[in-house]
Structures are given as C-alpha cells and as structure tokens.
Q: 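One structure coming up, written as structure tokens, with questions to follow.
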Amino acid sequence: MSKAVGNPMLLRWIDYNKCIGCGVCSAVCDFTHNGIPFIKLYDIGGGLIKPISCFHCTKAPCIEVCPTKAMKRDDDGAVYVDESRCIGCLACLYACPYGIPELSTATKTSIKCDLCKQLRGDGLEPACVAMCPTKAIVMGMPQVVFDEAKKRALTRIMKAVMSFGGPV
Amino acid sequence: MVGGLAVLAIPSYRIPYDNVVEGVEDLTKSFGVKLYLNTKVMCGERHDEGDDFVKQVVDLRDIAKEYNAVIITTGTWRSRKLGVSGEDAKGVVDALTFLYRLRLAEYGLVKEPWPKVRKVIVVGAGLSAIDAAEEALRLGAEEVYLVYRRTKKEAPAGEYYINDLIAKGIKWIELAAPTKIVVENGFAKAVEFQRMRLGPPDKTGRPAPIPIPGSEFVIEAELVISAVGEVSTPPFTQECAELRQFLDEKGYIVSRGYRLGNTNMFVAGDVLTGPTKLGEACRNGLYAAKDAERFLRGV
Ligand code: SF4
Ligand code: SF4
C-alpha cells in the first residue's frame, strides 16, 4: 500500500510570520542528515529569506507518480523515500508542486525530508521543530496545529487592535 | 546570563527570551551542563562589550590544562568604529551596546536603558543597524534616520527590511557617510555627512562608495548609533605567546578546521567566521562539537 492519500497523524507548519530567517532549522537538519539539509532557505529577493521543506501532502502527488512505489508514507503521515526501491528517476520531483525532492549523488536515489524518522523513533521531535529559536515550526496532531495557527493570528490582531500607541 | 547575542542583542520581538531560556534549561537539567557565569576567559588583555558583567577572569591556558577539550565560541563582542572626530562624545553609541542595554532593561538589570530622545541617527545598513533603528522607533523617538554609504540594493540587511522600516516611519538616507560628529558641551548634537557616489567594485565585490567633495550636509541628533559591523573577540590576544600563532595581524582567528593546530582547543561560531546569522553559527558549533567528540574518543 503506497498510501498516496493518508490521514496524517502529524502535521508540520512553518509560521512565516514568526520566522526570522536565521537558518537554525537548516543547520540542525544538515547536521542530523550528514551534511544534506532537507529544509532550505532561499532569498526570494531583496533579502527576504525563508525556509521551505516538504509539506508531507495529505494527497501526495509524489507517491502517486512513483513507478517503483519507493515514495511512501509512514504511520505518522510522513512522506519518505524507500531508498532500496528508488531508481532515481525523479518522477516525484516532476509531480511535486513545490520542487522538493532532490537527487542524492551518494545513493543515486531521490531524497527528501522524512520528518526525522530516526529521532521520532527515539521519541524526539524533528530537529528543525526542536531547535527553531522563534518556535516558527509547529508540529503535532492536525487540530493542534490548526488551533495554534489561529491563536497566533488572533494574538497578532489583538496586539494591533488593543495597543494604544504601544509598540510599532 | 546565558544565550549570547540571541539573548543580549537580538530584539525580543525577533527571538523571545523564554525560548532561549528553555534551551538553556534543557542543557543544564537534561544534559548536566554546568555553567560558570560572569567569567571571562582570556589570555592577554582586551576590553569587550559586556565586560561590565565580568566578576572573574580566568586564563584560557589554565582551562585548557584542566579540561580534556575546550570549544571556544566567544562571538563578536566588539564594534567597529566610525573613525570620525567626535565619536567619543556622550550620545554616541555602537549598536551592540545600544541593543544590549535595552535587553538588560527588559530583564530588570538596569533601570533606564537610554534617556528619552527625539532624534536618532543610525549609521549602517546591516542587521544590527535595522534592529537598532526599529528599537529607537519603539523607544518613542520622533525622527529616526538610517544612513548608509551605498544604496538600498547593497544593504547587507536586504532591501526588504529597509523598506519595512521605511514603512514604519524610518527616514532612509543612502549614499552618505559621516565625516564628523558635531559635539557641544561633550554631547553629540549633529552629524555631518558627505554624499557618496558608487564607483567600480571594491574588495568585497560591491561598488565602492566614493565621496563627492563639497557635498557635506548636517543632520541633528541627540543619539548617534554606529552600526558599521562587529568584529570577533577570541579569548586570546597577540600578548598571549602560546596562542598568538592562531591570530592574524587584525587579531582574528586563523584556523583551517575547527581545531586550533594540535591543541585540545576548538573554535566555532562567529568568533571564527565573523558575524553571521544564527544558523551558520549553529551549524559550525555542531560540527566543531563533533570534531571535539572524535578527539576525545581518540579517533
Ligand atoms: S529556525 Fe525558525 S526562525 Fe530560523 S529560519 Fe528556521 S523556521 Fe525560521
Ligand atoms: S515531496 Fe512534494 S508532493 Fe511529495 S509530499 Fe512533499 S511537498 Fe508533497
């Protein structure tokens, strides 16, 4: 079963309002994946720098198109590459709306974020989630993430509405 | 206080203090890390920003003898000077000190960080400059000027953040560099600037600012914040005979890897690379720790 459509138990969301583009997420990802970060920052112009990583789509096109069923979804909902099956054709990259999968020159397979499968196995959070100094990366059960997103938005609105000559 | 620039200089609206404290508590409680606070490690003499908190100085050479390995991550706690007359007047301050005192006030460690000011000039366009300018606005200054010798396009902080500040009410002046600070009774009163034009690329690859003679103009200010860069502050100076081999003529560390020669000392973060963003310093720190761990295992 390839589980192209899944019910994610875990959802990761990057709160771009909080993110300051410091690159800590990418640094710790790089370190935990032997020098290859799966969350990367780009300057989209004028010095606005933000990270992007796999969205672990609920209806993942990368899983749908994979001819060898190497692109899989684990029980938590994380989409990952089974390297033993992957032939490095990068059909996943063509299918991904966000250009996420990359080709590893070492394993000759597609590689991408697996939400730190190993760390999660040890009961830990993915490195980026654990280390972001602004708590911009939120991960949890979907409803928990949705609620947190709305609470943060509400906080921003209230700060703007209720501050009388307060902070800029 | 633990946490470096993330706690002591970067404004709390960017990185909330509690987030760093959580990390520090994790280190001390879950990993048994022991902290020695108010302690400056040094071989040789040098004044750095934040020295007012030092209660004891220990010699780096003693520490290196006492411990199996040492990782040096002392950062960039010195500010570049503007290099103009009047710089020592009251009301002239470097961005690091300006931000640092604001944070101390937030933590209740100093009473009044800065007296109320109406007009502020920030010189520079890096991350410290934009943080200082925004904090000056938040302090209630009526006019905050951000003055840079090149244009928005070359600003190290990036056009986006400059535009953001302009939208918040900062007055942006590009292609101008300070020539002197006008001082009255020991206090800064104004800054004289000279207009610049962009010439061919300099060493840094960016167009060199070239002064336009006779183009001087003056802006009044009660507070002048110089934000023209920070430099690394290694825990040893040229006076330290044993370690001076690891310094260049400017006093910066030269090292091929994270390990200092064949010593049991490693170095990481901004003290090694010069000012970077947190992520780069963090990546460095992780790999240096990995090298130190290998060294301790003897492989
Ligand atoms: S660590 Fe957090 S704040 Fe820094 S770039 Fe990543 S998401 Fe943004
Ligand atoms: S690789 Fe692309 S398509 Fe696949 S789950 Fe991630 S974001 Fe979605």
Side-chain angles (χ1 to χ4, degrees), chain A residues 14-53 116 119 122-125 127-138 148 152 155-156 159-160 163-168, chain B residues 3-7 10-23 26 30 125-127 130-131 133-141 144 152-165 167-170 269 276-290:
Chain A
I14 305 178
D15 181 346
Y16 287 118
N17 270 307
K18 279 218 187 292
C19 171
I20 54 170
C22 69
V24 165
C25 49
S26 180
V28 293
C29 186
D30 174 299
F31 186 73
T32 37
H33 297 97
N34 304 310
I36 304 168
F38 296 132
I39 180 163
K40 290 188 173 177
L41 289 94
Y42 294 95
D43 186 338
I44 60 149
L48 185 59
I49 302 171
K50 300 281 175 182
I52 183 167
S53 181
C116 289
L119 293 180
D122 295 337
L124 296 167
E125 290 177 312
C128 59
V129 178
M131 292 303 291
C132 169
T134 66
K135 298 198 188 212
I137 310 182
V138 182
E148 176 66 18
R152 287 183 181 190
T155 310
R156 275 199 311 280
K159 266 196 189 150
S163 68
F164 301 96
V168 185
Chain B
L5 289 180
V7 162
I10 300 174
S12 49
Y13 54 82
R14 291 203 201 283
I15 302 179
Y17 176 54
D18 289 348
N19 294 2
V20 185
V21 171
E22 246 173 53
D26 201 30
S30 321
L127 290 174
I130 60 160
D131 281 350
E134 182 153 1
E135 289 281 26
L137 268 191
R138 285 170 178 249
L139 276 178
V144 180
K152 222 190 254 178
K153 246 175 66 203
E154 289 82 28
E159 244 174 294
Y160 173 84
Y161 287 101
I162 306 284
N163 286 334
D164 179 55
L165 281 179
K168 284 174 175 154
I170 296 274
T276 61
K277 288 196 176 174
L278 273 184
E280 189 50 27
C282 172
R283 200 172 58 85
N284 258 287
L286 286 167
Y287 284 104
K290 196 171 176 179

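Order of the sequence lines sets the chain letters (A, B, ...), proteins ahead of strands, with each chain counted from 1.
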Q: Identify which part of B/K152 has an atom lying under 4.5 Å from any heavy atom of chain A, answering side chain, backbone, both or neither.
A: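 Nothing of B/K152, per the 4.5 Å heavy-atom cut-off to chain A.
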Q: Taking all non-hydrogen atoms of both residues into account, name the closest pair between B/Y161 and A/L48 and its distance.
A: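 Result for this residue pair: OH-CD1, 4.3 Å.
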Q: Look at B/T276, B/I162, B/N19, B/I15 and state which one has the largest set of heavy-atom pairs under 4.5 Å with chain A.
A: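 Highest number of heavy-atom pairs under 4.5 Å: B/N19.
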Q: Would you please go through residues 29-38 of chain A and name the residues with a non-hydrogen atom below 4.5 Å from one of chain B, in numerical order?
A: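 If one takes a 4.5 Å heavy-atom cut-off, the residues of residues 29-38 of chain A near chain B are A/D30, A/F31, A/N34, A/G35.
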Q: Give the member of A/P133, A/G47, A/G23 that has the highest number of heavy-atom pairs under 4.5 Å with chain B.
A: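 Going by pairs under 4.5 Å, I would pick A/P133.
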Q: Rounded to the nearest 0.5 Å, how far apart are CG of B/D18 and NZ of A/K135?
A: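 NZ of A/K135 is found 8.0 Å from CG of B/D18.
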Q: Shortest non-hydrogen contact from A/A27 to B/L286?
A: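 Smallest heavy-atom distance, with atoms named: O-CD1, 4.1 Å.
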Q: Where does A/S26 contact chain B at under 4.5 Å (heavy atoms): side chain, backbone, both or neither?
A: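 A/S26 has no heavy atom closer than 4.5 Å to chain B.
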Q: Does any heavy atom of chain B fall under 4.5 Å from the side chain of A/I49, the backbone, both, or neither of them?
A: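 For A/I49, the side chain is the part near chain B, not the backbone.
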